[in-house]
Amino acid sequence: QVQLVESGGGLVQAGDSLRLSCAASGLSFSIYVMGWFRQAPGKEREFVAAISRGGGSTLYADSVKGRFTISRDNAKNTVYLQMNGLKPEDTAVYYCAAERTIRLYRDPATYDLWGQGTQVTVSS
């Protein structure tokens with residue numbers, strides 16, 4: 001059974017940091033591009049970051065560039081999202097996703113597999 005399970009969300013204050021993790025099982029993790037997306041209430045799901053299969057290439061949304069860092073550990077079948085300098089507008093449910101392509105995509109429709117999400121709430 002293929003699963004992506006996110007963890008690490010929580011309630012923090014503006015300026016704080018969080019690290020999200022997404023543990024994958026039931027798939028050949030190293031052949032998947034991994035991405036993080038988020039969805040705030042009443043808004044569409046939006047791209048946050050993506051990382052290539054080997055971890056050598058990354059892509060970020062402009063809104064998080066310089067504050068968030070995506071990384072992966074293929075030996076642990078896990079992808080991470082280090083979030084620094086959190087802002088209230090970062091409040092959302094964060095999802096990890098996987099796609100079996102080579103390129104990094106921002107479009108959630110290109111991703112095949114999704115986790116259940118983890119809530120991140122940033123208070124001002």
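Here the structure is a predicted model, which is why all the values come from computation and not from measurement. Values reported hereafter were calculated over all heavy atoms of this structure, with side chains retained and with hydrogens, waters and symmetry mates removed.
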Original post:
About how many Å separate CG of Asp73 and OG of Ser30, when rounded to the nearest 0.5 Å?
Top reply: 11.5 Å
Original post:
Given the rule that I, L, V, M, F, W and Y join up when any side-chain heavy atoms are under 4.5 Å apart, are Val79 and Ile31 in one cluster?
Top reply: yes
Original post:
For the residue pair Leu59 and Arg106, what are the closest heavy atoms and their distance?
Top reply: CD1-NH2, 3.4 Å
Original post:
Rounded to the nearest 0.5 Å, what separation is found between the CD1 atom of Ile51 and the CH2 atom of Trp36?
Top reply: 11.5 Å
**OP:** Is it possible for you to say whether Tyr105 and Tyr95 belong to one hydrophobic cluster, with membership spreading through side-chain heavy-atom contacts below 4.5 Å?
**Re:** yes
Subject >> Contact summary for Gly85 and Arg67, nearest pair of heavy atoms >> reply: O-NH1, 3.0 Å
Original post:
Are the side chain of Arg72 and the backbone N or O of Phe29 linked by a donor-acceptor pair below 3.5 Å?
Top reply: yes
Original post:
Taking the side chain as C-beta and beyond, is there a heavy-atom pair between Thr110 and Val33 under 4.5 Å?
Top reply: no
Subject >> Same apolar cluster (I L V M F W Y, side chains within < 4.5 Å links), Leu18/Val48 >> reply: yes
**OP:** Identify the heavy atoms of Ala50 and Leu104 that sit nearest to each other, and give their distance.
**Re:** O-CD1, 4.1 Å
Original post:
Roughly how far apart are Gln39 CD and Glu44 CD, rounded to 0.5 Å?
Top reply: 8.5 Å
Subject >> CE on Met34 to OH on Tyr80, rounded to 0.5 Å >> reply: 11.5 Å
Original post:
Roughly how far, to the nearest 0.5 Å, is CG of Leu81 from OH of Tyr60?
Top reply: 7.5 Å
**OP:** Can you measure from CZ (Arg53) to CD1 (Ile102) and round to the nearest 0.5 angstrom?
**Re:** 5.0 Å
Subject >> Heavy-atom pair with the smallest gap, counting every atom of Thr78 and Lys76 >> reply: OG1-O, 2.8 Å
Subject >> Worked check of side chain to side chain contact (heavy atoms under 4.5 Å, CB included) between Val122 and Asp16 >> reply: CA-CA 8 Å; Val122 185; Asp16 286 351; over 6 Å; no
**OP:** Give the minimum heavy-atom separation between Phe68 and Arg38, together with the two atoms involved.
**Re:** CE2-NH1, 4.1 Å
Original post:
Between Phe47 and Phe37, what is the ring plane arrangement, given parallel below 30°, perpendicular above 60°, and tilted in between?
Top reply: perpendicular
**OP:** Without swapping roles, check the side chain of Glu6 against the backbone of Cys96 for a donor-acceptor pair under 3.5 Å.
**Re:** yes
Subject >> Where Asn84 and Ser17 come nearest, the two heavy atoms and their spacing >> reply: OD1-OG, 2.9 Å
**OP:** Check the pair Asp62 / Lys65 against salt bridge (charged side-chain N to carboxylate O under 4.0 Å, His left out), numbers first and verdict last.
**Re:** CA-CA 5 Å; Asp62 289 344; Lys65 198 174 296 182; 3.3 Å; yes
Subject >> Student check: side-chain heavy atoms of Met83 and Val120 closer than 4.5 Å >> reply: yes
Original post:
Is it true that Tyr111 and Ile70 fall in one hydrophobic cluster, defined by side-chain heavy atoms closer than 4.5 Å?
Top reply: no
